[in-house]
Enquirer: 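Handing you a structure now.
Quick caveat, the model's predicted, so the values are computed rather than measured. Along the sequence shown, residues carry numbers from 1.
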Amino acid sequence: MAADRQQAAIVFDVAADMVQMCPALNKRVKILTSQKRIVYTPTNSFYQVLSAEAYSKHGFNIHGVVFDELHTQPNRKLFDVMTKGSGDARMQPLYFLITTAGTDTNSICYEVHSKAKDIIEGRKHDPTFYLVIYGADESEDWTSPKVWKKANPSLDKTIGMDKVVAACNSAKETPGEENAFRQLRLNQWVKQVVRWMPMEKWDKCKIAFDEDDLAGRVCYGGLDLSSTTDITAFVLVFPPTDEDDFYYVLPYFWLPEDTLPLRVRRDHVPYDLWERQGFLQTTEGNVVHYGFIENFIDELGRKFHIKEIAFDRWGAVQMSQNLEDMGFTLVQFSQGYRDMSPPTKELMKLTLEQKLAHNGHPVLRWMMDNIFIKRDPAGNIKPDKEKSTEKIDGTVALIMALDRAIRCGCVSEDSIYDSRDLLIL
């Protein structure tokens, strides 16, 4: 199947040719060309071209699906119908997804592509997902024959080198053709937004330190509340005490206990491993227990001097009031460009300068690697939750906490009245 019946017929025609060229197959199956159907009567099995209308595809007992050019799918409806449950009655259903890179980073194709990249780079683990990607990296020279070969292993065998050379020369002379060349010849997502944080720079900011080393120090919090079934993040940032000190980062994360196994299977993210290692906490039940988190933050307040907690008012009104009743100072923090842009830029600056210190927390690292950035015409930036298909709650909480630490943390905490009495005139 593909975006339309004509596209899907290409795969059918190849299969029909294979049958006709193999005597053993040709005498066992019947090709119904007008119906785009190949039938094996003894088991009532068939190989069939399907059109793209999702509403008419429910109820199939599928052994295998071949999705050709997944990037042309206008939405995820057909993909979900054909891959979510249609093959559950089969012992070993197989789904083949074949595609060139696309241009829509909000598509089902890009979602699958991102999952494949995450598995390659170790951010996810899914033994049922076998992936092969032939494509050029964004940083590689798109005019280099060596790069062409990387993206086209059969170059000069099934694809003539002269044709690629001609297409490249044409793209050089006509800039408007460059994106088409890079997409169709090099398998690049030409409109793909790249991940914002260079992770090699983030990893260089890892410093071994213990929470107890920061006990009693001034810090600022950022609270990013999830929906009741998702991740909640709370991050503390400790401003430097002198010019040689760092901005220390301590993150905390929570998920509902009962939904943990489901999320591991669905998201293919090792939440269970992180929970066993102590990097992620669970709250009892199938929704996040905000009271548990409030008590946890209260305990942190006894250990550290939490001056302020920044939060997004959406969905956090009750918790913010409860924390204020506990004695904390809560500061509303908008998720728009005005509030988010300065600390987001500062986060990158401190990371590149290695003025930020974290302890290598794997959940925060995963979220930092997930983040994409949105820009406005004035050059302001903020995290883009729509393009960041994976979770970025910890990064958002870090940005909010960093803002308060930068704005307020430079003020000396020492009072002149610690060294002398009041002067009375």
Side-chain angles (χ1 to χ4, degrees), residues 1-26 29 31 36 38 47 49-50 64-73 79 83 94-105 107-121 126-192 194:
M1 59 182 55
D4 55 42
R5 188 177 177 86
Q6 185 177 3
Q7 176 67 39
I10 295 174
V11 179
F12 171 83
D13 291 341
V14 172
D17 288 343
M18 292 171 64
V19 169
Q20 292 171 344
M21 295 173 67
C22 176
L25 283 175
N26 204 17
V29 301
I31 301 174
K36 298 299 181 184
I38 301 174
Y47 180 94
V49 168
L50 297 178
V65 174
V66 179
F67 247 112
D68 190 33
E69 297 298 359
L70 185 61
H71 79 279
T72 62
Q73 288 296 308
F79 178 86
T83 61
L94 290 173
Y95 307 112
F96 297 91
L97 312 178
I98 310 166
T99 189
T100 309
T103 59
D104 182 3
T105 56
S107 63
I108 178 59
C109 185
Y110 188 69
E111 180 180 321
V112 174
H113 174 76
S114 297
K115 177 180 177 179
K117 295 279 287 184
D118 286 343
I119 292 173
I120 290 174
E121 296 170 10
D126 184 358
T128 69
F129 190 104
Y130 178 74
L131 58 105
V132 178
I133 299 177
Y134 294 108
D137 295 333
E138 293 297 320
S139 59
E140 292 181 308
D141 180 6
W142 63 275
T143 66
S144 168
K146 183 178 180 181
V147 175
W148 303 346
K149 183 69 176 179
K150 175 183 177 182
N152 302 273
S154 62
L155 185 61
D156 223 15
K157 294 183 176 64
T158 60
I159 302 172
M161 176 66 81
D162 58 333
K163 292 183 175 60
V164 180
V165 170
C168 181
N169 290 336
S170 179
K172 289 179 183 178
E173 297 172 0
T174 309
E177 296 181 10
E178 180 182 333
N179 275 358
F181 180 86
R182 294 174 67 155
Q183 178 193 357
L184 301 177
R185 299 292 185 179
L186 302 185
N187 205 30
Q188 290 181 332
W189 285 78
V190 292
K191 291 184 180 179
Q192 176 182 345
V194 297

Enquirer: One pair to check against side chain to side chain contact (heavy atoms under 4.5 Å, CB included): Gln73 and Phe79. What are the steps and the verdict?
Expert: CA-CA 8 Å; Gln73 288 296 308; Phe79 178 86; 5.7 Å; no
Enquirer: Mind running side chain to side chain contact (heavy atoms under 4.5 Å, CB included) on Asp126 and Lys115 for me, showing each step along the way?
Expert: CA-CA 9 Å; Asp126 184 358; Lys115 177 180 177 179; 2.9 Å; yes
Enquirer: Just by distance, no angles: are the side chains of His71 and Glu69 close enough, under 3.5 Å, to form a donor-acceptor pair?
Expert: yes
Enquirer: Would you call Lys117 and Ile133 a side-chain contact if the rule is heavy atoms closer than 4.5 Å?
Expert: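 Yes, close enough: below the 4.5 Å cut-off.
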Enquirer: Output yes when a side-chain donor or acceptor of Ser107 lies under 3.5 Å from a complementary backbone atom of Tyr110, and no otherwise.
Expert: yes
Enquirer: Nearest 0.5 Å, what's the CG-CZ distance between Asp17 and Phe12?
Expert: 9.5 Å
Enquirer: Partners of Asp141 by side-chain hydrogen bond (donor to acceptor under 3.5 Å, both in side chains), sequence neighbours excluded?
Expert: Thr143
Enquirer: Working to the nearest 0.5 Å, report the span between OG1 of Thr100 and CH2 of Trp189.
Expert: 10.0 Å
Enquirer: Atom CG of Asn26 and atom CD1 of Ile31: how far apart are they, to the nearest 0.5 Å?
Expert: 6.0 Å
Enquirer: Under 4.5 Å between any side-chain heavy atoms of Val164 and Arg185, yes or no?
Expert: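 Contact flag for Val164/Arg185 side chains = yes.
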Enquirer: Tell me the closest heavy-atom pair linking Asp156 and Met161, and the distance in Å.
Expert: OD1-N, 3.2 Å
Enquirer: Under the side-chain hydrogen bond (donor to acceptor under 3.5 Å, both in side chains) rule, collect the residues that match up with Glu140, sequence neighbours excluded.
Expert: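 For Glu140 the side-chain hydrogen bond (donor to acceptor under 3.5 Å, both in side chains) partners, ignoring immediate neighbours, are Lys150.
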Enquirer: Output the distance between atom SG (Cys168) and atom NZ (Lys163), rounded to the nearest 0.5 Å.
Expert: 16.0 Å
Enquirer: Considering non-hydrogen atoms only, spot the tightest contact between Ala136 and Ala151 and give its length.
Expert: N-CB, 4.1 Å
Enquirer: Roughly how far apart are Phe129 CZ and Leu97 CG, rounded to 0.5 Å?
Expert: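 So the gap between those two atoms works out to 6.5 Å.
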Enquirer: Under a 3.5 Å distance rule, please check whether Ser170 uses its side chain to pair with a backbone N or O of Ala166 as donor and acceptor.
Expert: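 No, Ser170 side chain to Ala166 backbone: no donor-acceptor pair under 3.5 Å.
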Enquirer: So which atom in Phe181 and which in Trp148 form the shortest heavy-atom distance, rounded to 0.1 Å?
Expert: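 Closest approach of Phe181 to Trp148: CZ-NE1, 3.7 Å.
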Enquirer: What is the minimum heavy-atom distance between Gly102 and Gln183, and which atoms define it?
Expert: CA-NE2, 3.7 Å
Enquirer: Please name all residues satisfying side-chain hydrogen bond (donor to acceptor under 3.5 Å, both in side chains) with Thr83, sequence neighbours left out, ordered by chain then number.
Expert: none
Enquirer: Under a 4.5 Å cut-off applied to non-hydrogen side-chain atoms, are Val29 and Tyr47 in contact?
Expert: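 Sidechains of Tyr47 and Val29: no contact.
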Enquirer: How long is the straight-line distance from CG of Leu155 back to NZ of Lys146, given to the nearest 0.5 Å?
Expert: 14.5 Å
